[in-house]
Amino acid sequence: MAEKLKGKPVADAMKEELIGRVEALKARGITPKLGIIRVGARPDDLFYEGGIKKTSDGIGLAYQVFEHPEDVSQEELEKSVTAVGADSSIHGILMFAPLPKHLNEKKIRSLIPVEKDVDCMTLGSAGKVFADDLTGFPPCTPTACMEMLKFYNIPLKGKKVTVVGRSMVVGKPVAMLLLREHATVTICHSRTENLEQACADADILVAAVGRAKMIGPSYVKPGQVVIDVGINEDPDNPGKYCGDVDFEAVEPIVEKITPVPGGVGSVTTIVLCKHTVMACEMQNS
Ligand code: NAP
């Protein structure tokens with residue numbers, strides 16, 4: 001049986017550390033604060049927002065939600081994002097995406113100041129991530145994967161890692177963070193030939209595909225560590241969700257595996273808080 005790499009112990013350890021860092025900032029008269037920009041009221045966004053509020057409360061991080069109607073104009077939203085960006089009491093900004101179709105999302109993202117861009121919404125942040133400039137924040141999910149690997153002492157230096165998925169939200173940035181730790185990274189996608197072999201060759205497999213249970217036994221090998229980033233509706237259990245990995249089939253083969261739910265996803269919110277605290281520290285250093 002594989003060791004289950006659960007997210008909760010990772011999130012708990014990060015929470016403990018952050019409480020101390022927030023206290024230290026407050027002792028200097030500074031309260032770190034996250035600005036949350038939301039357009040409309042999609043259930044997924046509201047669910048994530050609820051989690052952010054709870055986690056923030058747990059570490060003493062302040063937050064403010066800037067809510068806009070679904071039909072907000074481009075001009076109105078630009079004004080709001082610019083104002084939040086200029087507000088010196090706000091150190092980190094999260095904007096729920098995608099925005100409604102009538103809005104120019106690229107333009108609106110670009111208005112977030114890079115130093116407050118705690119979820120890598122801007123090209124400026126992405127550039128920093130790709131250039132190993134530590135003042136740029138990667139998206140929260142790739143950082144959550146790295147926190148999991150670090151917490152469970154999974155060596156990366158010189159190891160073969162295959163990432164399935166090349167999105168700007170997960171695949172590409174996680175590949176850059178792995179490279180930063182001296183892994184030898186292969187990035188796969190929908191046009192990759194012989195995907196099963198590319199996956200089975202790896203010491204560590206990161207699945208960020210967005211396809212329920214796609215990674216089955218033929219994609220893995222004994223001794224492997226599997227990090228499942230996927231969050232999909234479970235076709236076999238309506239109302240539940242599952243990963244990109246067929247956990248039941250893969251778990252007996254590999255050495256370590258993150259479950260879904262209860263794996264990477266449980267670390268994402270605390271990463272957002274960590275990035276906000278870091279942003280606050282940098283803005284006040
Ligand atoms: P995405 O933008 O849809 O990207 C999916 C990637 O997988 C693409 O690069 C795509 O290749 C590749 N792909 C799709 N089908 C494939 C196939 N049959 N074989 C090989 N590659 C294939 O998704 P995403 O935003 O990166 O998210 C990936 C997964 O992570 C989703 O399940 C999402 O729900 C989850 N997620 C989790 C968190 C979290 O907090 N845990 C956060 C964000 C996302 P092409 O580029 O060739 O199309």
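Just so it is clear, the values below take in all heavy atoms, side chains as well, and ignore hydrogens, waters and symmetry mates. Start at 1 and go down the list; that is how both ligands and their atoms are numbered. Throughout, residue positions are numbered sequentially from 1 according to the sequence presented.
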- [ ] Taking all heavy atoms of Ile90 and all of Lys116, pick out the closest pair and write down the distance.
- [x]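 The pair with the smallest heavy-atom distance is O-NZ, 2.9 Å.
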Task: Check: Lys221 main-chain N/O paired with Glu255 side-chain donor or acceptor under 3.5 Å - done: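 Side chain of Glu255 to backbone of Lys221, a donor-acceptor pair under 3.5 Å: no, none is there.
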Open item on the list: Tell me whether Asp228 contacts the main-chain N or O of Val245 through its side chain, where contact means a donor paired with an acceptor under 3.5 Å.
Closed with: yes
TODO: At a heavy-atom distance under 4.0 Å, which protein residues reach ligand 1? Sort them by chain and number, would you?
DONE: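 These residues qualify: Thr141, Val164, Gly165, Arg166, Ser167, Val170, His189, Ser190, Leu195, Ala208, Val209, Gly210, Arg211, Met214, Val229, Gly230, Ile231, Asn232, Asp244, Gly265, Thr268.
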TODO: Please name all residues satisfying ring-ring contact (aromatic ring centres under 6.0 Å, His included) with His91, sequence neighbours left out, ordered by chain then number.
DONE: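 Checked His91 against ring-ring contact (aromatic ring centres under 6.0 Å, His included); zero matches.
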- [ ] Kindly write out the residues that satisfy salt bridge (charged side-chain N to carboxylate O under 4.0 Å, His left out) with Glu3, not counting sequence neighbours, or none if the list is empty.
- [x]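 Lys256.
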Open item on the list: Going by ring pair (Phe, Tyr, Trp, His ring centres under 6.0 Å), name the pairs with one or both residues in residues 215-251, residues two or more places apart or in two chains.
Closed with: none
